Amino acid sequence: MEAVDNMIDARWLITSEHKNTVLENHALVIKNGIIKDILPTQQAITLYQTKNIEEYANHVILPGFINTHTHIAMNLFRGYADDLALMKWLNDFIWPAERRWVSHEFVYDASRLAIAEMIRSGTTCFNDMYFFLQATAEAVDQAGVRASIGITAIDFPTAWAKTIDEYLEKGLEFYAQYKNHARIRTTLAPQSIYTVAEPNLEKIKKIAEDNHLRINIHLHETQDEINQSLAQTKQRPIRRLQNIGLLTPDLIAVHMVHVNEEDLEILKATRPQIVHCPESNMKLASGACPVVTYQNLGLNVALGTDGAASNNDLDMITEMRSANFLAKLTTHNPAALPAIDTITMATLNGAKALGIDQMTGSLTKGKAADFIAIKLDEIETLPLYHPASQIVYAASRNQVSDVWVAGKQLMKNRELLTLNEEEIKAKAIEWEKKLLKKS
Ligand SMILES: [Zn+2]
């Protein structure tokens, strides 16, 4: 019998692999933070030896959610300005508040608040775009989650940097500091085509190629963005990115709400990664991303919440539900985006978008043991005919009971093991008082 670290005996197990069959009474066998095996529990106990067999008799075990688009430090702006159109929201509220408040300390406190919220809702990895990257990385390092942290670049000054060269210089320093970290990846993150000029996008492309980094950008989020681009250059943003050579499978295109036939032809030929943020798009009335059209073209579509200031939470369970309902509503087809495929979108597709699907995103031999348990024997999720339906259509994030990353447990029966919940709450209230006083 081979000695292993632990064994999770799961009533149900969703792997996000193999067209997603739900396994019953299977064990997840873990050794050195890696999934050693997945097999019927009865068989596992005859092959592997461990003192740590944990029974999850009323739970479904599944890969941790991958929130593929966030601005986690915006958690401290949650509820600060709501019910506004994107450009008014940014110009009159968010950007001035960011200029006034954002600092290393702000981003660190906000990141811990956001990561605590993410762990409590089953997210084990996120893809971020913000400023003061070291502050976010410090919080990630302590919390034990995974993150892909974007080197944000924008043509106007912020508290983080004054010029595009300063953004990139600071970003590359960050990359050098963290490139060997086991759980932290770096991307380049030009904010959008309307805030980063084309020569600067070319500069960013060169850096990305030299360092083999993915590029993350908000794209075709609103009709205004496209109209502005047409007025200035007679070309749509997608076409302009293609001309620069940025539209490749290494581009993470966030939002992609508005597309025409010409855009779809370009996307089909260039195959960027697409990130769907349904709740942010609905709240800002940006529109509905044509997820089913993209899937029919064979494009990878991942799921993100966007920042908590435009959502207003980092809850991947409600995000799945929104994505699912919106796909059905916009196609007038109740069979669009089945529950189990929605879970794949929130897990494996996120890992593919970030280029880390060799390591995480699904439960299979050899991948990192990044997984969660959702307790389903609650009033809200009984009776139980199909665990995937129950997760997507009925469960709440409060039913996420346990979370592990690389085999290390980060939450046990709703208790955070790596972060101090009371301290994080106290800091959030401190910031709330400061922001209220000045505004
Ligand atoms: Zn965003």
Side-chain angles (χ1 to χ4, degrees), residues 65-82 84-91 93-95 97-98 102 107 110-111 114 117-118 123 125-133 136 147-156 158 160 167 171 187-196 201 204 214-226 237 241 251-258 272-289 291 301-316 319 322-323 346 350 353-354:
F65 298 123
I66 299 186
N67 189 342
T68 317
H69 181 62
T70 60
H71 311 277
I72 65 163
M74 293 184 85
N75 258 50
L76 284 177
F77 295 127
R78 186 193 339 248
Y80 181 76
D82 290 314
L84 296 162
L86 175 68
M87 287 325 292
K88 190 171 175 54
W89 179 73
L90 285 174
N91 282 318
F93 293 91
I94 295 303
W95 285 340
E98 287 185 336
V102 173
V107 173
S111 296
E117 180 184 352
M118 286 193 279
T123 294
C125 178
F126 64 96
N127 178 38
D128 204 53
M129 185 194 284
Y130 211 65
F131 313 105
F132 296 94
L133 317 185
T136 297
S148 147
I149 297 179
I151 301 174
T152 300
I154 193 162
D155 282 351
F156 54 76
T158 62
W160 163 243
Y167 283 104
T187 67
L188 281 147
Q191 200 266 349
S192 66
I193 201 150
Y194 57 92
T195 53
V196 184
L201 288 172
I204 289 165
R214 291 207 164 178
I215 296 179
N216 208 1
I217 190 168
H218 294 106
L219 188 61
H220 283 218
E221 180 175 2
T222 63
Q223 192 58 52
D224 272 359
E225 172 193 337
I226 296 165
L241 287 188
L251 186 84
I252 304 164
V254 180
H255 295 308
M256 300 296 289
V257 171
H258 301 277
Q273 311 295 326
I274 290 168
V275 184
H276 180 31
C277 302
E279 292 190 357
S280 175
N281 295 154
M282 288 195 279
K283 183 161 183 276
L284 295 168
S286 303
C289 169
V291 170
V301 183
L303 193 64
T305 58
D306 213 342
S310 69
N311 186 301
N312 289 359
D313 58 45
L314 306 179
D315 180 351
M316 287 291 282
E319 206 68 37
S322 296
L354 302 178

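Whatever order the structure lists them in is the order used to number ligands and atoms, beginning at 1. The structure displayed is predicted, hence computed values, not measured ones. Numbering of residues begins at 1 and proceeds along the displayed sequence.
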- Task: Tell me whether C277 has at least one N, O or S atom under 2.8 Å from the Zn ion (ligand 1).
- Result: no

- For the residue pair H69 and H71, does the interplanar ring angle fall in the parallel (under 30°), tilted (30 to 60°) or perpendicular (over 60°) class? perpendicular

- Between the side chains of Y130 and E98, does any donor sit under 3.5 Å from an acceptor? yes

- Message: Checking T158 against Y167 for the side chain to side chain contact (heavy atoms under 4.5 Å, CB included) test, could you report, in this order, the C-alpha distance in whole Å, the side-chain angles of both residues, the deciding distance, and whether it holds?
- Response: CA-CA 10 Å; T158 62; Y167 283 104; 2.9 Å; yes

- Query: So which N/O/S atom does D306 have closest to the Zn ion (ligand 1)?
  - Reply: OD1

- Message: Which atom name does H69 have for its N/O/S atom nearest to the Zn ion (ligand 1)?
- Response: NE2

- Message: How wide is the angle at the Zn ion (ligand 1) spanned by H71 NE2 and H218 NE2, rounded to 10 degrees?
- Response: 100°

- Message: Which heavy atom of F156 sits nearest to which heavy atom of T195, and what is that distance?
- Response: CE2-CG2, 4.1 Å

